[in-house]
Amino acid sequence: MRTDPHAGAMSFIFEAGVLKRAARTGWWFAGVKHPESIAEHSFRTALIGMMLAAMEGTDPGRVSMLCVLHDTQETRITDIPHIAKRYLTAVPNTAVTADQVADCPPAVADVINAAVAEYEAGETLEAIVARDADKLECLVQAVEYRHQGVADVQRWIDSSRAALKTASAHRLADAALARAPMAWLNPPASPPVT
């Protein structure tokens, strides 16, 4: 017996809230005691995705949606570090998402399922940009952790950078590596008063 679709949608919303408390566990290997949450990662990934989409001439809204949804499955399968993936066989993210939204209104389930399928296939320009946003966010987080004194983050920087596909993502990665994360706090130099 199917539940009320509005209750099903609310169930998915509550489930997504778990991502605010779930840590990105791979950072523990680098020595980060309290890494960012999956939701924090997804938020900045969506922001980066919107910017990359504008730079690459594709749909910023679509890319942001793909970015927001790219890790929602981790409420059920957790954030599995790359080393653990050697020893585990997980169901596809599309199957997890289908279960998560099965009781949502059909229009909602269709939109979410299609977006996750597009991201996972990685074939559209929007999906390529969204995947770049995910990798670029990881690189940026590694740079921030390095500036906070975490020494062993170079592997995250290198693997994230190597995975980038778009020219815009490469340029942003170069910029991230060339400046201090808190440089934005310094006001620009005032022009001389004449």
Side-chain angles (χ1 to χ4, degrees), residues 3 6-52 62-104 108-109 111-122 127 129-157 159-160 163 176 181:
T3 62
H6 296 92
M10 199 64 242
S11 181
F12 181 67
I13 291 167
F14 280 131
E15 181 177 340
V18 170
L19 298 173
K20 297 192 308 183
R21 299 184 300 276
R24 301 252 302 154
T25 59
W27 292 115
W28 290 333
F29 293 101
V32 178
K33 290 181 179 157
H34 303 289
E36 82 277 12
S37 72
I38 296 164
E40 290 166 322
H41 162 71
S42 294
F43 166 77
R44 188 159 59 180
T45 298
L47 181 66
I48 292 169
M50 176 195 63
M51 295 170 71
L52 282 176
R62 181 77 182 167
V63 171
S64 291
M65 180 173 66
L66 298 180
C67 291
V68 165
L69 295 169
H70 86 283
D71 279 342
T72 54
Q73 307 78 20
E74 293 181 7
T75 60
R76 297 192 179 196
I77 61 171
T78 73
D79 179 38
I80 303 168
H82 285 289
I83 188 86
K85 290 179 182 181
R86 291 183 193 171
Y87 308 100
L88 301 173
T89 303
V91 299
N93 281 342
T94 52
V96 177
T97 299
D99 284 348
Q100 289 175 306
V101 300
D103 292 331
C104 288
V108 172
V111 164
I112 293 172
N113 281 321
V116 170
E118 180 180 353
Y119 180 86
E120 292 299 322
V129 169
R131 286 169 167 267
D132 270 6
D134 177 40
K135 296 303 180 188
L136 187 56
E137 200 287 326
C138 186
L139 181 146
V140 168
Q141 188 63 63
V143 169
E144 288 174 334
Y145 283 146
R146 181 170 61 193
H147 279 268
Q148 294 169 11
V150 179
D152 192 20
V153 296
Q154 193 62 44
R155 71 181 69 234
W156 280 268
I157 291 170
S159 66
S160 295

Evaluation steps, side-chain contact (heavy atoms from CB on, under 4.5 Å), between V108 and V101: CA-CA 8 Å; V108 172; V101 300; 5.7 Å; no
E118: partners by salt bridge (charged side-chain N to carboxylate O under 4.0 Å, His left out), with sequence neighbours left out: R62
Please output the side-chain donor-acceptor pairs of residues 8-16 that fall under 3.5 Å, not counting sequence neighbours, one pair per line with the distance.
| residue | atom | partner | partner atom | Å |
| --- | --- | --- | --- | --- |
| E15 | OE1 | R76 | NE | 3.4 |
| E15 | OE1 | R76 | NH2 | 2.9 |
| E15 | OE2 | T75 | OG1 | 2.4 |
| E15 | OE2 | R76 | NE | 2.8 |
| E15 | OE2 | Q100 | NE2 | 2.8 |

Within residues 131-142 or reaching into it, pairs that qualify as salt bridge (Lys or Arg N to Asp or Glu O under 4.0 Å) - sequence neighbours excluded: R44-E137
Listing, residues 77-93 side-chain donor-acceptor contacts under 3.5 Å, not counting sequence neighbours, or none:
| residue | atom | partner | partner atom | Å |
| --- | --- | --- | --- | --- |
| D79 | OD2 | T25 | N | 2.7 |
| D79 | OD2 | T25 | OG1 | 3.4 |
| N93 | ND2 | E120 | OE2 | 3.0 |

Contacts of H41 that satisfy ring pair (Phe, Tyr, Trp, His ring centres under 6.0 Å) - sequence neighbours left out: H70
Set of residues satisfying ring pair (Phe, Tyr, Trp, His ring centres under 6.0 Å) with respect to Y145, sequence neighbours excluded: W27
M65 atom CE, neighbour heavy-atom count above 12 within 6.0 Å: yes
Spatial distance of atom CD1 (I112) from atom OG1 (T94) [nearest 0.5 Å]: 14.0 Å
Distance, nearest 0.5 Å, that separates CG of L47 from OG of S42: 12.5 Å
Nearest heavy atoms of T45 and C67, plus distance in Å: O-SG, 3.5 Å
Shortest non-hydrogen contact from A23 toward P35: CB-CG, 4.0 Å
Contacts of A22 that satisfy side-chain contact (heavy atoms from CB on, under 4.5 Å) - sequence neighbours left out: I38
Under the side-chain contact (heavy atoms from CB on, under 4.5 Å) test, residues paired with H147 that sit two or more places apart: V143, A180, P181
Would you mind writing out the side-chain donor-acceptor pairs for residues 148-156 within the sub-3.5 Å range, not counting sequence neighbours?
| residue | atom | partner | partner atom | Å |
| --- | --- | --- | --- | --- |
| Q154 | OE1 | R146 | NH1 | 3.3 |
| Q154 | NE2 | D158 | OD1 | 2.8 |

Salt bridge (Lys or Arg N to Asp or Glu O under 4.0 Å) partners of residues 23-34, not counting sequence neighbours, each pair once: R24-E36, R24-D71
Under the side chain to side chain donor-acceptor pair (under 3.5 Å) test, residues paired with T97 that sit two or more places apart: Q73
E40: partners by salt bridge (charged side-chain N to carboxylate O under 4.0 Å, His left out), with sequence neighbours left out: none
